[in-house]
Visitor: 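Here it is, the structure in full.
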4 protein chains.
Amino acid sequence: MNSFGRIFRISIFGESHGASVGVLIDGCPPGISLKIVDFEEKLARRRSGAKGTTPRTEPDIPELLSGVFNDKTTGAPIMILFRNTNTRSRDYSLFTKIPRPGHADFVALKKYRGYTDYRGGGHFSGRLTLGLVAAGVIASKVLKDMKISAHLVEAGGLKDIEKAIDMAVEKNDSIGGIVECVVSGVPVGLGEPFFDSVEAVLSHLLFSIPAIKGVEFGSGFAAAKMHGSDHNDAFIDQSGQTETNYAGGINGGITNSNDITFRLAVKPTSSTSIKQRTVNIETGEMTDLEVEGRHDLCIALRVPVIVEAVTAIVLADFKMLVDAEGLTKH
Amino acid sequence: MNSFGRIFRISIFGESHGASVGVLIDGCPPGISLKIVDFEEKLARRRSGAKGTTPRTEPDIPELLSGVFNDKTTGAPIMILFRNTNTRSRDYSLFTKIPRPGHADFVALKKYRGYTDYRGGGHFSGRLTLGLVAAGVIASKVLKDMKISAHLVEAGGLKDIEKAIDMAVEKNDSIGGIVECVVSGVPVGLGEPFFDSVEAVLSHLLFSIPAIKGVEFGSGFAAAKMHGSDHNDAFIDQSGQTETNYAGGINGGITNSNDITFRLAVKPTSSTSIKQRTVNIETGEMTDLEVEGRHDLCIALRVPVIVEAVTAIVLADFKMLVDAEGLTKH
Amino acid sequence: MNSFGRIFRISIFGESHGASVGVLIDGCPPGISLKIVDFEEKLARRRSGAKGTTPRTEPDIPELLSGVFNDKTTGAPIMILFRNTNTRSRDYSLFTKIPRPGHADFVALKKYRGYTDYRGGGHFSGRLTLGLVAAGVIASKVLKDMKISAHLVEAGGLKDIEKAIDMAVEKNDSIGGIVECVVSGVPVGLGEPFFDSVEAVLSHLLFSIPAIKGVEFGSGFAAAKMHGSDHNDAFIDQSGQTETNYAGGINGGITNSNDITFRLAVKPTSSTSIKQRTVNIETGEMTDLEVEGRHDLCIALRVPVIVEAVTAIVLADFKMLVDAEGLTKH
Amino acid sequence: MNSFGRIFRISIFGESHGASVGVLIDGCPPGISLKIVDFEEKLARRRSGAKGTTPRTEPDIPELLSGVFNDKTTGAPIMILFRNTNTRSRDYSLFTKIPRPGHADFVALKKYRGYTDYRGGGHFSGRLTLGLVAAGVIASKVLKDMKISAHLVEAGGLKDIEKAIDMAVEKNDSIGGIVECVVSGVPVGLGEPFFDSVEAVLSHLLFSIPAIKGVEFGSGFAAAKMHGSDHNDAFIDQSGQTETNYAGGINGGITNSNDITFRLAVKPTSSTSIKQRTVNIETGEMTDLEVEGRHDLCIALRVPVIVEAVTAIVLADFKMLVDAEGLTKH
């Protein structure tokens, strides 16, 4: 299903080289100020152009096709469309016979029985994250006092990210990275035990972002080596603030008023100009493949803004749910 | 929401020291053989008793209260109930004023405005995973040829897990661990791009397991330090098999016929007998807390069987969805 | 799916002659007073015993197995179980070969491939409505000031219902009826345009009640013969009150502060002692069937209390949704 | 929520006088032939222009913006957009103070706190049914052998519909009508007991169509006056065919192989040129209102094609669910 959320609900659609990509947002409260200009900063952060990202450039101008009237949300579904304009005419049909390692070519062919739009990754393209970023802009307005901030803190194994990019450019080989995210101003009581725990629902959307291989909250994988007496965060006041924050701001799946913290592992882009070994799935013959074209050398550069967006989407939904369930009012 | 799944759908309920815990399973196909004895092995693996786990022992005998007739599923909802019998009468009400660090005491109190059943963790208790394990037994029967196997591969930072437990017992302080899971016999085509990617949905249920702090698929966090030319898994035949499996059996969110592989970080149990610093949330006074009682020193010992269960639940749902959507038949 | 609702969510399960029937309620706010005695009046109204209803009598005592602590809801799922005790040992297996006209025997056999629990109607039994009535009791407490009242206003074509029952008993042939329902104290703003209109969602649950053949709101089928100038309800004040109420309290799918009004057609029970024509589905031979046993001669007598229950369930969910969506506060 | 369906899932959006209306379809199987021309017949039937319908004419040309490649569905979400072109500049803002009787003006204002797009009915407009009709065209292709046929069988109380329209035109007052629908070629086994019964889910979407006041299946309200021995449909062969069809093709919520039959009551359009009594909701003063403009005198004329569409949508979803649940294969 290409939809997510219970109250603040998003649906994404589109293909990389088709007519458009976009997002439909249902359940947004009425009366929220919304103009095209509000999307600019986040879309610019996501857009290509930086060293290490693909030279494909799209203007990425959102069309607000419903749900907004007099620059305010109305409470009706909000349709945001991005026309694709800069789609190269290169022939991608080769990859329906000779699938690229690390890409979705093979699974798309098998799952959709050959009917998939294979051009530029089609519906699997990272371009679909445009809709996520747009929805995140609106979700952020629902959150008001919560602030979400994500950063690339490591690339290609280095903390010096500029240097890492230079090395990747030199080798002409893609690199991965680590993204950290912190949410501050979080009220107590978002999330639910078990299936709708904050970690559960947030990881669901975080792993929906292409190229994410790992997600950890608070102490994360380091917790596996710790003792309970160290890991438990001592309370320092009645508001729930704690001395340490190994819990990442979440106990029993529910926010505890401390910052929500988590980290993501981003794999190196599958697109690479380096020769790779693959198979002709019609004939079974092994073959080498060299893929020319526009590649992101470090897709991790674009991930933070998308992480912020999906985090806002999840928290907006949680916030509205808490009101629905007659639970803690903030 | 205490429900999960689109077609094979589970709902869990209950409290640690209330009348019962259990699970309701909706959407299970008819004609699947099901007897009480089928649950024994998995429930025994989950049950307490091993060194490092709490001495509380429950018989954990499931009652099949609906959806089964003549030892076969009928297609109607399956209700499985576990009566709680071994519930100690100790007074937990202290923790509604003096919340235990690392536990859900504080958030439960705030979110549910003091109405929560606080005894033994109430609805937040790990005892709720009984329902997950029971549902996993049935889900496994839907999967037929897929085999799911999870193991504790590290505890307290050591590969020698027995030694790690001994040290935890000696220190009387809880330890965490790392669980690995491998699914073999996976058909191509389970999962969907973006929100219902295998990683997304699986992580959702994995993070629903108490004490999980991190989840990584395939290369996981190591991917952040790799190059694309190394990370891409070269195809070795037409069936989708690859030479390496950094992808963890998933491309573009969809299974590619290789084993699904993932790892989880388990934190040390919050329950500990060691003195901790906390606050009286009524008076605001800081105080020390020593919690006696039955504690798991290494909850990670119980996690593998629960991981197998939720993985089976997720894959059963994906398998049924693939049929629904008229996609790849296997 | 045997679940319904977005926030206040119910799941029913069980079989007529199996171990139990019941309901699981998720999303109920914490702090609502709830005791076994609260269910008595509604369950008594539903229970058999009146002239025209089946002589099967069950004590129908609900077990509250989770989600309630110190006689208050906790916010966790509420599990309510009814043990079946008065299940006759009669052999129903005949009907898996010789399906009863008007019953679900034939479709159950075909859909569930012979695995269904066919005893006493199994999962198709009207006994499943016990769970609906129990959930309705709790939903009513969420609604507070809204009052729901349903009545049988016609049976067997007569307004004098006692006389109608007498005639049915005399002929020993079942009769149908008309149920009317009025909800007063309704705030403006429940419901949404299109798919979640009050009529849409309410009809969904009303048609889930066995034996319902028609549902009409406000003017209903009579509207088809009216003129617009007559049908439009003139406003009489700023609060939305109208002179007439042909709209049945709903405009554009949303409550307008007037009473919600609707009517239901209840068919005569399919169970009858009169000889009927049917087929042996194994041999294809036509045959006559006489069904002995306990029959409801006028199932419509039991419908009002169930209608009240499902109406409460739907309105409780709408009320909580309105809060979630940041819409009209009442 | 502006979405509906579990597998074949639709979401509608848009406003009457905003930029667009449309539909997003998720879960459509790949490989279904789809061209713009396929929509023409149904859109033409829905479009205005006939006597008794509003003179507003839109070209209603769908844009297929995603999910279709080489004139075939791909399995990805299908985005269909209709640009609004013929939107008059008349001032509708009057109705935010002086709500029109029978319209959604009052509830929209209250529910959405004044932020609603009130022009031409905004998101409440019947123009939103364009998306339903478009989705129905695709759903019909999923159904293959099932044929859905709906007709207006009565208008303004007359069987002679042309005469009824003439009278309405003469009086310049709107009239209602009765629509009948028959689905043939239905396999046994669609639908589920209780909440997802065919009647329940179908009525949900039928009551989502503006102006519908009643829905009845098979014998409908007439059943209330019948005896059980008459109402039960005698089987005539092993395939489930029955002599009569009072059940409307459904037993226990599940299709029984006979035609699905149902009838709908359509109210007279609320729009009328006749003077009406209403209130100024700001001042509380009573006032008369005369609404000029383009009105449908018999909206029931447009209903059949929409009924066919939503019926196709519901049945497509049921068909895919049956496959998902491993139930009866057809």
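Predicted, not measured: the structure shown is a model, and the values here were computed from it. Residue numbers begin at 1 in each chain, while the letters A, B, ... track the order of the sequences.
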Visitor: Can you say whether I175(A) sits under 4.5 Å from chain B via the side chain, the backbone, both, or neither, judging by heavy atoms?
Guide: both
Visitor: Do F124(B) and N251(A) have side chains that approach each other closer than 4.5 Å (heavy atoms only, starting at C-beta)?
Guide: no
Visitor: For D196(A) and M1(B), indicate whether the former's side chain and the latter's backbone hold a donor-acceptor pair under 3.5 Å.
Guide: yes
Visitor: In terms of heavy-atom pairs under 4.5 Å with chain B, which of P99(A), S197(A), S229(A) leads?
Guide: S229(A)
Visitor: Whether the side chain of K111(B) engages the backbone of G191(A) through a donor-acceptor N/O pair (distance < 3.5 Å, no angle test) should be reported.
Guide: yes
Visitor: Quick one: list whatever passes side chain to side chain contact (heavy atoms under 4.5 Å, CB included) with E216(B), sequence neighbours left out.
Guide: F221(A), F221(B), R263(B)
Visitor: S257(A) versus chain B, heavy atoms under 4.5 Å apart: side chain, backbone, both or neither?
Guide: neither
Visitor: Can you check whether anything in residues 231-238 of chain B gets within less than 4.5 Å of chain A, heavy-atom wise, and list it by number?
Guide: H231(B), N232(B), D233(B), A234(B), F235(B), I236(B), D237(B), Q238(B)
Visitor: Among G121(B), G218(B), G214(B), S239(B), which residue has the highest count of heavy-atom pairs closer than 4.5 Å to chain A?
Guide: G214(B)
Visitor: Determine the interplanar angle of the F195(A) and F4(B) rings, folded into 0 to 90°, and report it as parallel if under 30°, tilted if 30 to 60°, perpendicular if over 60°.
Guide: tilted
Visitor: Go through the atoms of I10(B) and report whether side chain, backbone, both or neither lie under 4.5 Å from a heavy atom of chain A.
Guide: both
Visitor: Nearest 0.5 Å, what's the CD1-CG distance between I274(B) and D230(A)?
Guide: 8.5 Å
Visitor: I need the full list of salt bridge (charged side-chain N to carboxylate O under 4.0 Å, His left out) pairs touching residues 282-291 of chain B, with sequence neighbours left out, sorted by first then second residue.
Guide: R277(B)-D288(B)
Visitor: Got a sec, which pairs hit side-chain hydrogen bond (donor to acceptor under 3.5 Å, both in side chains) with one end in residues 204-215 of chain A, sequence neighbours left out?
Guide: H204(A)-H204(B)
Visitor: Under the criterion side-chain contact (heavy atoms from CB on, under 4.5 Å), I'd like the reasoning laid out for I178(B) against K225(A): C-alpha separation, chi angles, the key distance, then a yes or no.
Guide: CA-CA 9 Å; I178(B) 301 282; K225(A) 300 188 197 304; 5.7 Å; no
Visitor: Could you tell me which portion of I254(B) (side chain, backbone, both or neither) has an atom closer than 4.5 angstrom to a non-hydrogen atom of chain A?
Guide: both
Visitor: If I measure from the heavy atoms of chain B, does N280(A) come under 4.5 Å with its side chain, its backbone, both, or neither?
Guide: backbone
Visitor: Please classify the contact of K171(A) with chain B as side chain, backbone, both or neither, using a heavy-atom distance under 4.5 Å.
Guide: side chain
Visitor: Would you say Q241(B) has more than 12 foreign heavy atoms packed within less than 6.0 Å of its CD?
Guide: yes
Visitor: Is the F194(B) ring parallel, tilted or perpendicular to the H123(A) ring (thresholds 30°, 60°)?
Guide: perpendicular
Visitor: Flag the pair L202(B) / F207(A) as yes when at least one side-chain heavy-atom distance between them is below 4.5 Å, and no otherwise.
Guide: no
Visitor: Quick one: what part of V201(B) sits under 4.5 Å from any heavy atom of chain A, side chain, backbone, both or neither?
Guide: both
Visitor: For Y246(B), look at atom OH and say whether over 12 heavy atoms of other residues, nucleotides or ligands are found less than 6.0 Å away.
Guide: no
Visitor: Looking at A104(A), G252(A), P193(A), which has the largest count of heavy-atom pairs under 4.5 Å with chain B?
Guide: P193(A)
Visitor: Counting only non-hydrogen atoms closer than 4.5 Å, does E199(A) touch chain B with its backbone (N, CA, C, O), its side chain (CB onward), both, or neither?
Guide: both
Visitor: Tell me, side chain or backbone of T283(A) under 4.5 Å from chain B's heavy atoms, or both, or neither?
Guide: backbone
